[in-house]
Amino acid sequence: MQQHDLALLLIELSGGGQWKPLAACGSADPDLFFPVSAAGCNQAQVAEAKAVCARCLVRRQCLDFAIHTRQMHGIWGGTTEEERYATIRPGLHSVLTG
């Protein structure tokens with residue numbers, strides 16, 4: 001069984017709510033995921049945070065959590081606040097997370 005499949009199995013067996021301990025960001029500085037903005041000199045910070053998300057086994061669960069709990073700040077599931085805002089418009093959530 002591949003690592004990704006094992007992680008998804010663990011999430012499913014735990015009722016779906018135990019994804020956070022499997023997140024790639026768990027060993028990173030939390031400040032990395034909360035840049036002042038996604039523009040200007042903070043673009044490098046956003047890119048670095050998204051690179052961590054890109055290798056995360058539970059990225060989709062993180063994004064779903066951020067959308068459902070309306071996280072207004074930070075990088076969640078590899079998305080910025082602006083990118084998540086676009087997903088809460090009708091129909092777009094399923095396109096981005098489906």
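Since the structure is predicted, the reported quantities are computational estimates derived from the model, not experimental observations. We're numbering straight along the sequence, starting at 1.
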J.: Using 0.5 Å steps for rounding, measure from the NE2 atom of H73 to the OG1 atom of T80.
T.: 12.5 Å
J.: For F65 together with W19, are the ring centres under 6.0 Å from each other?
T.: yes
J.: With heavy-atom distances below 4.5 Å as the criterion, would you say the side chains of T79 and C53 are in contact?
T.: no
J.: Considering only residues two or more places apart or on different chains, which pairs with a residue in residues 41-53 satisfy salt bridge (charged side-chain N to carboxylate O under 4.0 Å, His left out)?
T.: K50-E83
J.: Provide the closest heavy-atom pair for W76 versus L63 in the form atom of the first, atom of the second, distance.
T.: O-CD1, 4.0 Å
J.: Determine yes or no for a side-chain-to-main-chain donor-acceptor pair under 3.5 angstrom, with R84 supplying the side chain and R70 the backbone.
T.: no
J.: When you compare the side chain of L22 with that of L57, does any pair of heavy atoms fall below 4.5 Å?
T.: no
J.: Say whether, by atom type as modelled, one donor and one acceptor occur between the side chain of E81 and the main chain of G74 under 3.5 angstrom.
T.: yes
J.: Under the ring pair (Phe, Tyr, Trp, His ring centres under 6.0 Å) rule, collect the residues that match up with F34, sequence neighbours excluded.
T.: none
J.: To the nearest 0.5 Å, what is the distance between CZ on R59 and SG on C25?
T.: 12.0 Å
J.: How far apart are the closest heavy atoms of A49 and L32, and which atoms are they?
T.: CB-O, 3.7 Å
J.: Locate the shortest heavy-atom distance separating P35 from I75; write the atom from each residue and the value.
T.: CD-CG1, 4.3 Å
J.: Looking only at heavy atoms, what is the nearest atom pair of A24 and C56, with distance?
T.: N-SG, 3.3 Å
